[in-house]
Amino acid sequence: MKEFTIKTSKREQLVDITQQVNEIVAELANTQDLRAILVFVPHATCALVVNENYDEAVQDDVLEALRKIAPKGVWKHDAIDDNGDAHVKAALVGPSIVLPVEQGRLKLGTWQSLALAEFDGPRERRVLLIPLGR
Ligand code: ZN
């Protein structure tokens with residue numbers, strides 16, 4: 001298993017982590033027949049998203065859609081640490097994703113990238129990578 005950390009800078013944002021993951025994928029592929037990589041965030045208020053990397057408005061739209069589904073300030077958990085919306089968003093999007101690997105690189109579509117979706121930043125987040133071989 002490999003791991004890296006990233007620092008987010010806003011309460012809610014999508015941070016592109018494709019390059020960091022690709023660097024580790026390339027390193028892992030040097031020593032094994034890597035077919036896929038499982039990426040996981042060990043956190044309850046962030047998640048992983050694969051989506052459009054070209055028009056930044058898409059990232060805003062994804063965050064806005066999640067805000068509509070899970071608005072701030074209406075959750076039981078807010079009594080504990082006022083971030084019930086962040087937990088609901090993270091639960092909806094999910095903490096892990098499996099991505100195909102080909103020739104030592106993520107095999108993403110032309111317009112796809114992998115982003116960490118921060119819902120309760122700014123924070124330092126860990127990203128774990130588990131190689132999946134043949
Ligand atoms: Zn909480």
Side-chain angles (χ1 to χ4, degrees):
M1 182 158 52
K2 297 277 184 178
E3 172 173 345
F4 66 92
T5 59
I6 65 162
K7 285 193 170 97
T8 60
S9 60
K10 299 178 184 168
R11 182 168 195 270
E12 294 186 343
Q13 69 182 138
L14 296 187
V15 182
D16 191 329
I17 58 169
T18 309
Q19 190 182 329
Q20 291 98 317
V21 171
N22 255 330
E23 283 169 15
I24 293 171
V25 162
E27 186 187 325
L28 290 166
N30 279 333
T31 57
Q32 60 189 288
D33 183 16
L34 195 61
R35 300 299 178 90
I37 189 98
L38 191 162
V39 188
F40 175 76
V41 285
H43 303 288
T45 55
C46 72
L48 295 169
V49 176
V50 169
N51 211 287
E52 160 122 13
N53 60 10
Y54 182 72
D55 180 7
E56 284 185 18
V58 173
Q59 301 175 18
D60 294 338
D61 289 343
V62 168
L63 292 174
E64 182 59 26
L66 289 166
R67 269 181 226 122
K68 285 179 178 161
I69 295 166
K72 204 167 177 345
V74 298
W75 307 99
K76 290 181 191 171
H77 177 73
D78 291 339
I80 306 294
D81 60 357
D82 200 29
N83 65 354
D85 65 307
H87 289 285
V88 172
K89 289 165 189 162
L92 290 171
V93 178
S96 69
I97 193 161
V98 174
L99 296 171
V101 171
E102 192 175 76
Q103 295 180 331
R105 282 188 67 79
L106 293 176
K107 191 166 174 60
L108 294 170
T110 305
W111 307 110
Q112 287 181 317
S113 65
L114 172 63
L116 182 141
E118 176 63 80
F119 300 123
D120 194 30
R123 290 176 190 250
E124 183 167 282
R125 299 300 198 174
R126 294 167 63 205
V127 180
L128 311 183
L129 297 102
I130 296 110
L132 304 174
R134 193 196 291 258

Can L108 be reached from V127 by stepping across I, L, V, M, F, W or Y side chains whose heavy atoms are under 4.5 Å apart? yes
Output the distance between atom CZ (R35) and atom CD (E102), rounded to the nearest 0.5 Å. 10.0 Å
Could you check D120 against R11 for side chain to side chain contact (heavy atoms under 4.5 Å, CB included), going step by step and ending with a plain yes or no? CA-CA 5 Å; D120 194 30; R11 182 168 195 270; 3.6 Å; yes
Find the distance between CD1 (I17) and CD1 (I24) and round it off to the nearest 0.5 Å. 9.0 Å
Let me have the donor-acceptor pairs involving side chains of residues 64-71, under 3.5 Å, with sequence neighbours excluded, atom names and distances please.
from	atom 1	to	atom 2	distance (Å)
E64	OE1	R67	NH1	2.8
R67	NE	E12	OE1	2.6
R67	NH2	E12	OE1	3.0

Where is the tightest heavy-atom contact between V25 and G104, given as atom of each residue plus distance? CG1-O, 3.5 Å
To the nearest 0.5 Å, what is the distance between CG on L114 and CG on L14? 10.5 Å
Members sharing W111's hydrophobic cluster (side chains within less than 4.5 Å): Y54
Step by step, work out the side chain to side chain contact (heavy atoms under 4.5 Å, CB included) result for E27 and E23. CA-CA 6 Å; E27 186 187 325; E23 283 169 15; over 6 Å; no
Is the shortest heavy-atom distance from the side chain of L116 to the side chain of E118 under 4.5 Å? yes
Any residue meeting salt bridge (Lys or Arg N to Asp or Glu O under 4.0 Å) with E52, in chain and number order, not counting sequence neighbours: none
Return each pair, listed once, that meets ring-ring contact (aromatic ring centres under 6.0 Å, His included) where at least one residue sits in residues 60-106; pairs must be two or more places apart or across chains. H77-H87
Does the side chain to side chain contact (heavy atoms under 4.5 Å, CB included) test come out yes or no for V21 and L99, once each step is laid out? CA-CA 10 Å; V21 171; L99 296 171; 5.5 Å; no
Which atom pairs, donor and acceptor, lie under 3.5 Å between side-chain atoms of residues 39-46 and protein residues at least two apart or in another chain?
from	atom 1	to	atom 2	distance (Å)
H43	NE2	R126	N	2.8
T45	OG1	R125	NH2	2.9

How many angstroms lie between NZ in K107 and CD in Q112, if you round to the nearest 0.5 Å? 11.0 Å
Would L132 and L28 show up in the same hydrophobic cluster when neighbours are defined by side-chain heavy atoms closer than 4.5 Å? no
Let me check something: do V58 and F119 share a hydrophobic cluster, defined by ILVMFWY side-chain heavy atoms less than 4.5 Å apart, either directly or through other members? yes
ILVMFWY network linking V88 to L48, side-chain heavy atoms under 4.5 angstrom: no
Least distance between heavy atoms, L34 atom then P131 atom: CD1-CB, 3.4 Å
For the atom pair CG (L129) and CG (L38), what is the distance rounded to the nearest 0.5 Å? 8.5 Å
Check whether any side-chain heavy atom of T18 lies under 4.5 Å from a side-chain heavy atom of N53, and answer yes or no. no
Closest non-hydrogen atom pair between L106 and N22, with its separation: N-OD1, 2.8 Å
Do D33 side-chain atoms and G133 backbone N/O form a donor-acceptor pair below 3.5 Å? no
What one should report as the nearest heavy-atom pair of G94 and A47 is O-CB, 3.1 Å
Working to the nearest 0.5 Å, report the span between CE of M1 and CD1 of I130. 5.5 Å
Is the number of heavy atoms from other residues, nucleotides or ligands within 6.0 Å of CD (E124) greater than 12? yes
CA sep, side-chain torsions, deciding dist, call: K72, D82, side chain to side chain contact (heavy atoms under 4.5 Å, CB included): CA-CA 9 Å; K72 204 167 177 345; D82 200 29; 3.7 Å; yes
Transitively linked via ILVMFWY side-chain contacts under 4.5 Å: I6 with V49? no
Looking only at non-hydrogen atoms, find the nearest pair between V98 and A36 and report the distance. CG1-CB, 4.0 Å
Which residues pass the salt bridge (Lys or Arg N to Asp or Glu O under 4.0 Å) test with D81, not counting sequence neighbours? none
